[in-house]
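Step one of this worksheet: look at the structure below.
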Amino acid sequence: QDIIVVAHGQANDPFWSVVKNGVDKAAEHTGANVDFRSPETFDMVQMSQLIDAAVNQEPDGLVVSIPDADALAPSIKRAVEAGIPVISMNSGSDVSKELGALLHVGQDEYTAGKAAGEKLASMGGTVGICVNQEVGNVALDLRCQGFSDGFGGSVDVIPTQNDPAEVEAKVKAALESNPDIDTVMGLGASLVGEPAIRAVASVGRTGEVNVATFDLSASFLESVSKGEAAFAIDQQQFLQGYLPVSFLALNASYGLIPGGNVPSGPNLITADKASQVVELSAEGIR
Amino acid sequence: MTQDTTFHHGDPQREAKPIIQMKNIEKHFGNIIALAGVSFDVRPGECHCLLGDNGAGKSTFIKTMSGVHQPTKGEITIDGKPMNFTSPRDAMEAGIATVFQDLAMIPLMSVTRNFFMGREPVKGRRPFRRMDVEKMNETAVEEMRKMGINLRGPDQAVGTLSGGERQTVAIARAVYFGARVLILDEPTSALGVRQTSNVLATIDRVRKQGVGVVFISHNVRHALAVGDRFTVLNRGQTLGTATRGDITPEELQDLMAGGQELAQLEGSLEGTV
Amino acid sequence: MTQDTTFHHGDPQREAKPIIQMKNIEKHFGNIIALAGVSFDVRPGECHCLLGDNGAGKSTFIKTMSGVHQPTKGEITIDGKPMNFTSPRDAMEAGIATVFQDLAMIPLMSVTRNFFMGREPVKGRRPFRRMDVEKMNETAVEEMRKMGINLRGPDQAVGTLSGGERQTVAIARAVYFGARVLILDEPTSALGVRQTSNVLATIDRVRKQGVGVVFISHNVRHALAVGDRFTVLNRGQTLGTATRGDITPEELQDLMAGGQELAQLEGSLEGTV
Amino acid sequence: MANMAQTVQDERLKQEGLGARLMKRPELGAIAGVILVTAFFLITADSAMFTLSGIMNFMTPAAQLGILAIGAAMLMIGGEFDLSIGSMVAFAGLIFGASVVTFGLPLIVAIPLTMAVAAGLGAMNGMIVLRTSLPSFIVTLAFLFVLRGASLVGLKLASGGSTQLRGVRDAVQDDWLAPFFSGDAFGPIFVALAEIGLIDTFKNGTPKVPGIPVEILWFIALSLVATYVLLRTPQGNWVFASGGDRNAAANSGVPVRKVKISLFMVTAICAALVAIITVMDAGSTDARRGFMKEFEAIIAAVIGGCLLTGGYGSAIGAFFGAIIFGMVTIGLTYTDFDQDWFQIFLGGMLLIAVLFNNYIRKRVTGER
Amino acid sequence: MANMAQTVQDERLKQEGLGARLMKRPELGAIAGVILVTAFFLITADSAMFTLSGIMNFMTPAAQLGILAIGAAMLMIGGEFDLSIGSMVAFAGLIFGASVVTFGLPLIVAIPLTMAVAAGLGAMNGMIVLRTSLPSFIVTLAFLFVLRGASLVGLKLASGGSTQLRGVRDAVQDDWLAPFFSGDAFGPIFVALAEIGLIDTFKNGTPKVPGIPVEILWFIALSLVATYVLLRTPQGNWVFASGGDRNAAANSGVPVRKVKISLFMVTAICAALVAIITVMDAGSTDARRGFMKEFEAIIAAVIGGCLLTGGYGSAIGAFFGAIIFGMVTIGLTYTDFDQDWFQIFLGGMLLIAVLFNNYIRKRVTGER
Ligand SMILES: Nc1ncnc2c1ncn2[C@@H]1O[C@H](COP(=O)(O)OP(=O)(O)OP(=O)(O)O)[C@@H](O)[C@H]1O
Ligand SMILES: Nc1ncnc2c1ncn2[C@@H]1O[C@H](COP(=O)(O)OP(=O)(O)OP(=O)(O)O)[C@@H](O)[C@H]1O
Ligand SMILES: O[C@@H]1[C@@H](O)[C@H](O)OC[C@H]1O
Ligand SMILES: [Mg+2]
Ligand SMILES: [Mg+2]
């Protein structure tokens with residue numbers, strides 16, 4: 001059995017490396033021959049070409065993430081027309097059915113952001129910033145929007161590039177120029193969450209400013225368990241890699257398929273759970 | 001020292017109006033004063049030599065004349081009309097062709113492409129108008145041969161030519177685009193015996209066709225062989241202009257060395273420079 | 001045409017062993033044959049002139065001698081021992097200093113920095129060993145003055161120097177690093193009257209100190225003024241070597257023009273080249 | 001002609017085979033790289049890679065990159081860089097997307113408009129570079145940021161708050177100009193070929209290759225035009241001259257300013273063309289389109305033999321450079337290598353392809 | 001000296017003020033840019049930006065970038081590029097992280113080891129460039145990919161599956177060498193200053209600025225050393241010569257190969273230093289560290305006046321270039337502008353700073 005996974009995130013992205021670990025694990029368990037592929041950067045045009053390349057190989061199953069339905073639709077439809085079973089994961093829950101995918105494994109970004117916002121508001125937050133390290137990725141925009149809606153208070157979006165030192169300096173700059181800020185929402189754990197904790201510490205407000213982030217990293221989880229950060233939103237992306245591959249393998253062997261979407265998250269990891277998750281995160285499973 | 005050549009120096013056209021006239025040209029580079037007020041003119045059919053010590057400002061001056069530098073002060077007139085060249089292309093359009101001391105060649109490009117750079121002949125109709133490559137190659141090889149250089153092929157990169165071959169390309173190019181004024185900045189410095197005779201003969205030929213020639217040289221003999229008038233520059237200023245016959249070679253040589261006493265070796269080198 | 005100069009040509013040291021000997025050197029560039037078997041040697045205290053038409057292969061040959069090119073075929077011996085220069089630095093260490101025709105200067109760098117490039121004098125102890133900038137500046141200005149050029153300042157970029165000023169930097173540098181062999185590729189081509197006398201006098205001086213000089217020129221007079229032996233190249237091959245006195249200037253001039261008949265203008269230019 | 005024959009008989013020339021003469025051209029050296037990469041994938045990759053549909057598949061990204069690379073190569077030969085072409089893809093995409101979706105303009109207006117805006121920005125780049133004599137690297141870098149930022153702001157305006165503008169496909173699908181800029185050309189021929197069994201079909205009978213993606217045709221056409229211009233027109237000569245030595249060119253009468261500004265405009269128009277094609281194909285545009293494409297374009301040009309210092313290179317070289325880059329990036333997915341190793345292979349393959357190309361050229365021409 | 005006094009009296013020289021003489025230096029021109037950017041933020045930004053803590057805040061990323069930029073500037077002056085320094089940061093981070101965490105080596109071993117590995121890779125880059133005479137752009141680009149990929153593969157090995165390697169802080173915290181490479185220097189002095197009220201304190205009495213981040217000290221020290229080497233040592237002269245004209249330099253006896261290889265090694269060591277400092281500060285490393293830093297370093301060097309074509313530039317210029325870049329990236333966060341405009345602003349400020357620097361220099365020196 002040949003199964004191909006085409007994702008928009010790279011194997012060296014901490015988040016996607018976990019997905020890939022899930023894929024690999026499923027390959028091991030099912031005995032299927034699985035390939036994980038992604039464009040070099042967030043590039044919808046190239047991603048659609050990768051899907052085309054996969055379709056050319058006529059695999060027994062195809063797993064895709066769908067951050068831009070318009071751009072990927074023709075390629076996905078082509079796969080479906082070619083009779084290849086498709087499962088979507090991570091992003092694209094809203095369009096998955098319409099494009100002909102069998103089901104979707106993932107979390108709804110807006111809802112997750114909103115849940116986080118509500119939680120942070122309930123922790124007393126009134127003025128927040130949402131730090132976006134991947135400006136232009138619509139899924140991330142949705143999170144900030146959800147966060148802003150759920151949070152209720154005033155929310156500024158801070159765009160940054162891919163450098164932890166820069167993120168730290170910018171978060172610090174924001175905290176210094178607006179001392180009312182009491183909440184920092186990051187969209188990635190190691191790139192934003194960790195430096196944000198350092199920034200908060202350097203202005204001497206550890207504990208006063210709530211830091212939360214999407215996704216996990218072992219270091220961030222340690223901070224959560226120590227109480228330096230509020231929580232992390234886990235979408236259990238290991239499942240986003242593991243489940244679709246197993247489903248497709250089963251489908252190829254026995255024609256089995258679950259009847260609906262699988263919500264792999266959101267799952268708030270707060271201080272009580274954090275310490276148990278640290279080790280798994282360090283192994284690339286969470 | 002030989003001063004009488006067999007060139008027939010025609011009618012020096014002393015009365016003819018100058019083609020180009022430069023008045024009180026100054027040129028400063030930052031705090032460096034390269035030209036401190038130089039006047040000069042060229043009449044049709046004459047060869048006007050510009051002489052002077054190293055660093056006197058000769059190249060700077062002719063670069064001003066050919067549109068490379070804009071003068072800091074001073075006036076340029078062509079046929080009596082004030083002119084303001086903003087680029088060498090302007091000067092070319094006014095009929096001035098120049099061989100620069102640094103030759104203005106592109107080492108990576110072939111002889112032919114360098115030869116015609118900026119003035120490529122075309123054939124065919126738009127939009128299929130294209131360079132006439134055969135004609136270009138033939139012309140380049142032929143013009144070089146006239147100057148005494150047999151090229152291996154017209155597509156050799158200029159950067160791999162020998163010093164004299166390269167200088168010859170620049171001269172042949174300027175002569176070919178036969179202009180109203182031909183400026184030659186030390187054109188024979190890298191040339192062999194044969195090539196030098198050819199260039200001097202060429203100067204004589206174009207002069208007879210009515211072109212005004214500006215000739216820069218450190219070689220008194222070359223200057224005397226073809227020059228009708230001689231202007232000497234020293235440290236950015238004119239030491240004066242002399243007419244052929246009004247000045248002895250010895251006087252000229254002294255002037256060219258900047259009017260200073262020659263080094264004590266002068267005696268010992270008598271006649272060698 | 002003046003052939004007897006007042007230089008005292010010392011003892012030509014005909015019997016001295018050559019410092020450097022080149023045997024049957026060939027050099028090909030791709031399909032271009034630049035040297036087709038040239039032999040040449042330099043003895044201490046002599047000035048050996050290398051003459052020839054443009055493109056004859058003179059520069060290519062001396063580049064092989066100074067480690068820039070590796071010969072395609074042939075042998076180089078120094079003091080009788082076979083040598084294989086892989087870089088110009090090797091040749092320098094063997095005592096060979098060269099003025100290349102293209103001068104090997106960095107236009108963006110100052111006169112001083114170019115002068116000492118590769119051989120900077122230092123002062124102070126490690127790790128604080130540093131360039132002796134004052135000494136460098138003074139030396140550069142002084143050596144240039146000796147050659148007849150008064151610099152405005154030692155920090156002017158070489159790219160903004162006049163052609164002759166630049167050539168003088170290259171010559172002064174090679175002479176200053178007084179080596180066993182001094183190679184000069186058309187060193188006087190851009191020089192003024194005074195500067196040329198100085199260079200010729202300098203050649204004479206270093207020769208008397210026992211340095212072997214290789215002198216390339218297109219100027220028969222310059223060659224005759226300082227040369228002890230004359231080797232003529234033509235189209236990549238040696239036409240032969242003559243000793244001072246064994247050859248008349250006219251013969252030499254014919255040889256230099258590649259042994260071909262001069263253009264019909266020769267007569268008319270008699271004595272001017 | 002007679003002259004040439006004669007000079008070839010010069011005793012100072014060795015005989016030289018046709019191969020050697022061909023290989024001296026910078027563009028033909030790059031073919032060696034293509035052959036090597038092809039050989040590598042023939043051995044290691046899934047056979048699907050070299051089916052007709054596999055070839056179209058890697059040629060599509062190669063063509064999109066290649067259109068940029070040809071512009072970049074001409075500009076590099078002319079001695080300048082444009083780091084803003086990646087951002088220009090995004091910005092032109094925004095202009096085009098907004099024209100057709102937000103303002104409902106027909107393609108016959110929207111396409112020239114997009115190109116004009118791009119050309120204007122290119123000219124602005126060029127004018128700043130020439131006026132200030134700052135390096136083009138730094139000026140166009142500023143535009144890299146400015147245009148990327150402007151795309152973000154503009155997209156949010158045009159789409160009402162999102163960084164993605166959708167609906168382009170619907171807006172243009174009935175436009176008569178659309179087939180020239182999107183989809184596949186020669187569709188009917190391919191269907192016919194599939195029917196007679198010359199082309200593989202999917203289970204449902206549609207041909208696996210529905211036609212030749214238009215970008216491939218644009219790519220080939222542009223390469224030919226650029227090559228013709230560079231080698232056969234005065235303007236091409238000026239490009240080499242301006243890049244080889246700006247002062248020498250100007251002193252010889254080449255209108256260096258005009259040449260350089262035109263090249264900046266051409267490069268920007270190439271970016272606009274890629275933007276139009278990809279936006280129409282994708283049906284949407286977003287603020288990250290074209291990200292890093294400026295570097296990939298320069299890479300392709302350099303693989304194809306352009307010198308970063310200007311004055312040397314070829315459009316055909318850039319053509320093959322883009323194909324090498326496209327083959328390597330897509331090709332690795334046809335192999336069984338683990339994705340973790342992807343970049344190691346990508347880097348290794350690039351280096352080997354370029355080394356090989358270089359080695360072959362040197363052997364053949366006898367350069368040292 | 002006497003000579004110099006004399007030549008200044010040359011009638012062919014105009015008098016020239018001290019200002020003009022200073023501004024001729026490429027490095028000092030860049031100061032104009034810094035002043036302009038500072039003036040801009042003094043007006044538009046929150047006053048917190050120019051408090052002591054605000055200054056440390058933007059100087060920290062500036063210093064990390066600056067250390068790379070100084071290496072890149074020296075290499076650029078020497079006529080080469082290194083596009084692999086960003087990936088080198090990740091790879092050296094991996095080597096360093098694995099040394100201290102996985103193998104438990106003390107810093108006195110781990111740091112030299114990391115630097116040696118980096119230097120070795122730098123030398124390899126250099127050797128390939130010189131041996132093949134391919135452009136360094138393309139060779140180091142291959143290393144950009146290879147090292148980035150190797151970091152990923154290595155990290156997964158070292159961490160057992162994740163792309164992040166943690167625990168560096170715990171592993172090094174008691175090492176006597178740690179204070180030289182992480183945290184803040186001069187802590188006690190700052191505490192003392194805080195006690196006498198010269199530095200703001202938090203409510204609990206600790207100073208708001210606990211010291212000077214060590215990277216800032218490294219940055220300053222390296223700038224000084226690099227400037228000294230470039231301007232006052234033979235080796236510095238060789239760097240300019242090698243970059244100005246490789247052939248001319250070699251023909252004059254400069255050991256061009258050695259110079260270039262050393263420069264590649266220095267650049268790689270700078271990257272390793274940044275890796276060590278940032279990994280110790282963050283306590284972890286991951287596969288994306290240093291992403292795009294190669295370009296930012298080149299940008300900083302160019303803002304500071306280095307020519308891409310080599311042979312011209314200065315380390316102090318790169319110093320100010322990095323500060324300008326750092327101030328502009330962080331500064332906007334202190335202002336009230338809509339953050340979506342960040343990139344437009346970044347591009348605009350960069351352009352204005354460089355234009356201003358250029359304008360001032362030209363005015364003062366009278367260049368046309
Ligand atoms: N761009 C420049 N910047 C500064 N100084 C310059 C520049 N160009 C020329 N100079 C100076 O101006 C003076 C005149 O130079 P120019 O090249 O005109 O001399 P020249 O008479 O042609 O000398 P040569 O006979 O050596 O060619 C020289 O001293 C030179 O150093
Ligand atoms: N790198 C190269 N590639 C190809 N051909 C070359 C190269 N270098 C030199 N040549 C050719 O070799 C021949 C000899 O050149 P060389 O420079 O040695 O001549 P030369 O005797 O110094 O002439 P000149 O008196 O003009 O300086 C020339 O015809 C030249 O075109
Ligand atoms: O889509 C991905 C998102 O789910 C994760 O949180 O961050 C990286 C993104 O690529
Ligand atoms: Mg001159
Ligand atoms: Mg020569």
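The sequence lines fix the lettering, A, B, ..., with proteins before strands; numbering per chain opens at 1. No experiment lies behind these values; they were computed from the predicted model shown. Note that these values count all heavy atoms, side chains included, but never hydrogens, waters or copies made by symmetry.
Proximity to chain D (any heavy atom under 4.5 Å) is restricted, for E:Leu350, to the side chain, taken from C-beta onward. Residue E:Met349: no heavy atom, backbone or side chain, is found under 4.5 Å from chain D. No part of D:Leu307 comes within reach of chain E, as not one of its non-hydrogen atoms sits under 4.5 angstrom from that chain. Heavy atoms closer than 4.5 Å to chain D are found nowhere in E:Leu83, neither backbone nor side chain. Contacts between D:Leu351 and chain E at a heavy-atom distance below 4.5 Å involve backbone atoms as well as side-chain atoms.
Ranked by non-hydrogen atom pairs under 4.5 Å with chain E, the options D:Ile299, D:Thr309, D:Ile303, D:Ile352 are led by D:Ile299. Between chain D and the options E:Gly310, E:Ala287, E:Gly347, E:Ser87, heavy-atom pairs under 4.5 Å are most frequent for E:Gly347.
The two atoms that bring D:Phe81 and E:Leu308 nearest to each other are CE1-CD1, 4.3 Å, heavy atoms only.
Rounded to the nearest 0.5 Å, atoms CG (E:Leu355) and CD1 (D:Ile128) are 7.0 Å apart.
For D:Phe345, the ring-ring contact (aromatic ring centres under 6.0 Å, His included) partners two or more places apart in sequence, or in a different chain, are D:Phe337.
Around CG of E:Asp338, the count of heavy atoms belonging to other residues, nucleotides or ligands within 6.0 Å exceeds 12.
Using non-hydrogen atoms only and a strict 4.5 Å limit, the part of residues 138-153 of chain E facing chain D consists of E:Ile138, E:Val139, E:Leu141, E:Ala142, E:Phe145, E:Val146, E:Arg148, E:Gly149, E:Ala150, E:Leu152, E:Val153.
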